[in-house]
Amino acid sequence: MGERVFPFGGHSFSETDLVRGFVIFSLTICCILISALAFSRQIPYINYQLFFIPIVYAAYFYPKRGIYVAAISGVVYQGIGYFYSYPNPAAMLGVTAEALLFVITAIIIAYFIERIRSGEARYRTVFEHSQLGIILFNREGFAIRQTNEKFAAMLNYSTQEILASTFLDLFFIEREKERFLERIDKNRETADFETRFASAGGAACWVNLSWCMIDEHTVSCTAVNINARKLAEKLNNDNMMKYRQLTENSPTSILIVQNGIILYANPTFAEFSGYPPAEVIGRELVRFLDPRDLHVFSEFVQQWTIKKPLAAHAEFRFVNKDEGIRVAVLFTNPIVHANKPATMINLMDISEKLRLEEKIHQDNERRRGIIITVAHELRTPLQPILGYLNLLISDPEGFGIVDETKKILERCLLSVDRERQIINQMLELSVLESGKLHLSLSEFPLEALVQTVLDTSGYHSKAEVSVTMPEGIVIMADRDRLYNVVDSLLSNAINYSKPPRKIEISYRMDTDDGFHHIAFSDNGIGIPPESIGTIFEPFQLADAAKLSRKYDRIGLSLSIARKVVQMHGGDITVRSVVNTGSTFTIHLPKEVTVDA
Amino acid sequence: MHKIMLVEDDLQILEMMEILLQKIGYEPVLVPNVLDALDLVRTNPPDLVLLDIMMTPINGWEFLEKVREEYRIHNLPILLFTASPDVAEKAAMLRDPHLGILQKPVSLPELKAGLERFLK
C-alpha cells in the first residue's frame with residue numbers, strides 16, 4: 001500500500017518487484033559464473049544445484065516469470081555444460097537433463113503457487129466484495145485484524161480507521177458492550193446478536209452480528225445493517241403507543257370481545273361498569289348486561305358472528321357494580337385479534353343523554369299542561385263577555401241600544417273573537433308540537449279544496465285571485481287541516497298587502513320529485529331577508545313591533561300551517577322581495593305515510 | 001219548550017247563560033252544584049244537559065259516567081261545556097252518539113247550532 005509503482009513495457013512494477021527482480025537477476029548471474037567455474041575446474045556436485053535458489057525464489061513470487069528464469073538458466077547452463085563436456089555424450093546428456101530439471105521444477109512450483117494464489121484471490125474477492133460486513137478480531141484484547149469495505153462503510157469509517165480501533169470500541173453504549181462480552185464468553189458461535197454500533201457521525205447504527213471462533217485466538221464476525229428494520233419497528237411501536245393512548249384515553253368505552261369473552265377493556269369501560277379492569281377482562285360480556293336485554297342482545301350478537309360481519313349498533317341496558325342501570329349504544333366492528341376473528345365494541349354511555357331527554361320530555365309535558373290550564377283560565381271569563389255581547393247585539397231594540405252603541409259593541413265582539421282565536425291557535429300549536437296529534441288522511445281534489453276556501457272566506461271580494469292548476473290533481477292529506485293551511489296562507493296574503501291586492505295560486509308542474517308544489521303569491525309588503533328565517537317561528541312577525549300595531553295580528557297561523565304540512569312529510573317555504581310581494585309554497589308529498 | 005240543565009259552578013256564566021238560553025227560547029235549569037245535578041237528572045230529567053268539566057267534588061267526566069253507567073240514562077243528550085282544550089279526543093273515545101262538545105267561550109250562533117243539533 002502506498003508503494004511507488006513504476007510502469008515498464010506495458011507492465012507496472014512496484015519497488016518490491018524491482019528489488020526482487022534485481023536479487024533474482026544477480027543470483028542467476030552468480031549461479032552462471034559459479035557453474036562455469038565449476039565446469040572449468042572439474043568440481044563435481046555444485047554446478048547446477050545453485051540454480052534452484054533463484055528459480056524457486058522467482059517461481060514463488062512470480063510463477064510465470066519463474067519459468068522464464070528457469071528456461072534462461074537452463075539454456076545458459078546447458079551452453080556452459082556443453083562447452084566443457086564436449087564431446088562426452090553422457091556428460092552432455094546429464095547437463096541437458098539438469099537443465100530440463102530447472103524448468104520442470106519451476107513449472108511445478110509455479111503450478112502450486114498459482115493454485116494457492118487463485119484460491120486466495122477468490123477468498124479476497126469474496127471478502128472484499130461481500131455485501132456483509134466482515135471483521136476479524138482477536139479473541140483476547142479484541143484488536144481488529146481485518147475488515148472489509150462494507151463493514152467500514154456501514155459505520156461511515158474507512159477501513160484504516162476501523163483497523164486502528166478495537167472491536168469493543170465500536171459499541172454505541174457500555175451496556176451493549178457488556179452484553180456482547182457476556183455472550184462471547186458463553187458461546188463460541190452466535191447468530192443474530194442485535195446491537196448498536198457507533199457510526200462516524202456519533203449516531204447509532206443497528207447491526208445484526210453473527211460470529212464464530214475460527215481458531216483459539218481469532219473471531220470472524222459478520223455484520224448486517226438492520227437500521228431500516230429497526231426504524232420501521234420503532235415506527236410501529238410509536239403507532240402502537242398512539243393507538244394505546246387513543247384507546248386508554250377514549251371517552252367511549254372500548255372492548256375487544258372474542259367468543260363472548262372480554263379480552264380487552266379500556267379504563268372508560270371500567271368506569272362505566274364500576275368494576276376494575278381486572279374484574280372485567282376474561283369475563284363474559286353478557287354478565288354486565290341487564291337480563292331484560294339478554295334476548296335482544298343474543299340476536300345482536302348473531303349479526304357479528306355471521307361470516308361477513310357488518311358494523312352494527314344497538315342500544316342496551318347494563319347493570320353496573322352498584323346495581324344501577326346504565327344505557328349505552330354499542331357499535332361493533334369485526335377485527336382480528338391474535339390471528340382469530342374478534343369484535344371490537346365501542347360503547348357509548350347515553351344514560352345522561354336519556355336522562356336529559358326524559359327531563360326535556362317532562363318539561364314539555366309540564367309546559368303543555370301549563371298552556372292547557374292557562375288556556376282554560378283565559379277562556380272561561382270570556383264566556384260571559386261573549387255571551388252578553390251576543391245577547392245585546394242580537395236584540396238592540398229590546399235592550400234599547402242605539403246604532404252607535406251597537407257599533408261599539410260589535411267592535412268589542414270582534415276583539416273577543418280575536419282573543420278566542422289566539423288562544424285556540426296557541427293550544428293547537430301546543431298539541432301539534434307535542435306530536436300527539438294524528439292525521440286523518442283522505443284523497444280529494446286539490447282544486448275543489450282551494451275553491452271552497454276562497455268561497456267560504458270570501459277572498460274573491462278582498463283580492464283579485466287567480467288559480468292556475470291542471471285539472472284533476474288529487475292529493476292525499478288531512479282535509480280539514482289542509483283547509484286551514486290554505487286559509488292561513490290566503491289570509492296572510494290579504495293581511496300583509498294593500499289594495500289593489502293580487503293573489504296567484506299556482507300548481508308547479510316542472511318537477512317530478514314526488515311532491516305537489518302549490519304556490520301562493522301576493523303583491524304585499526314582502527318580508528325583509530333578515531326575518532325570512534324566523535317567519536315560521538311562533539309569535540314572530542316580520543318587523544314585529546311595527547306590523548303588530550298596524551295589522552294587529554299575531555303570527556301563529558304560519559307556525560301552525562307549517563307544522564301541519566311537516567306532519568304530512570312536507571314543508572312550506574317562502575321567497576320574498578320587500579315591497580314587491582311574497583310567495584309561500586306548500587310542498588306536499590304525493591305519497592303520505594304517517595305513523596299510526 | 002226544551003228544558004236545558006246547565007251544570008256549572010261559575011256563577012257569572014250561569015247568570016249570563018240563563019238570559020241567553022231564555023232569549024233563544026229554551027227553559028234553563030241552573031244547577032251550580034254537581035251533586036244536586038245528579039239528583040235532578042233522575043228526579044226531574046231535562047231534555048239536554050250542558051255540563052262543565054272542571055268542578056268539585058266530582059268533575060264532568062265522573063258525572064257523565066254516573067249518568068250513563070249507574071243511572072243507565074243513555075239517550076239524554078249531554079254537551080260538554082268547557083274551556084279545557086283536551087276534551088275532544090277523550091270524548092271521541094267514548095263513542096257516545098248523544099255526547100257533544102261546546103267549547104267555551106261559545107258565541108250565540110254556536111250555542112244555537114249546538115243545541116239544535118242534539119234536540120233535532
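Each chain gets a letter, A, B and so on, in the order the sequences are listed, and its residues count up from 1.
Around the CD atom of A/Gln362, the shell of radius 6.0 Å holds more than 12 heavy atoms that belong to other residues, nucleotides or ligands. Within 6.0 Å of the NZ atom in A/Lys462, the count of heavy atoms belonging to other residues, nucleotides or ligands exceeds 12. Applying the 6.0 Å contact sphere to CD of A/Glu357 captures more than 12 heavy atoms from other residues, nucleotides or ligands. Other residues, nucleotides and ligands contribute more than 12 heavy atoms inside 6.0 Å of the CG atom of A/Asp455.
At a heavy-atom cut-off of under 4.5 Å, chain B is reached by A/Tyr388, A/Asn390, A/Leu391, A/Ser394, A/Asp395 from residues 388-398 of chain A, listed in order of number. Contact residues of residues 21-55 of chain B toward chain A are B/Lys23, B/Met54 (heavy-atom distance under 4.5 Å). Within residues 92-105 of chain B, the residues approaching chain A closer than 4.5 Å by heavy atoms are, in numerical order, B/Gln103, B/Lys104, B/Pro105.
Residue A/Arg379 holds its CZ atom at 8.0 Å from OG of B/Ser84, rounded to the nearest 0.5 Å. Between the CD atom in A/Gln383 and the OG1 atom in B/Thr82 there is a gap of 10.5 Å [rounded to 0.5 Å].
Taking every heavy atom of both residues into account, A/Pro384 and B/Gln12 meet most closely at CG-CB, 4.1 Å. Minimum interatomic distance between B/Leu20 and A/Gly387 (heavy atoms only, all atoms of both residues): CD1-O, 3.5 Å.
Between chain B and the residues A/Leu427, A/Leu378, A/Asn424, the largest count of heavy-atom pairs under 4.5 Å involves A/Leu427.
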Step-by-step side-chain contact (heavy atoms from CB on, under 4.5 Å) determination, B/Val106 to A/Leu386: CA-CA 7 Å; B/Val106 69; A/Leu386 182 64; 5.6 Å; no
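Pairs of residues two or more places apart, or lying in two chains, never qualify as side-chain hydrogen bond (donor to acceptor under 3.5 Å, both in side chains) while including a residue from residues 406-416 of chain A.
Both the backbone and the side chain of A/Leu382 have a heavy atom closer than 4.5 Å to some heavy atom of chain B.
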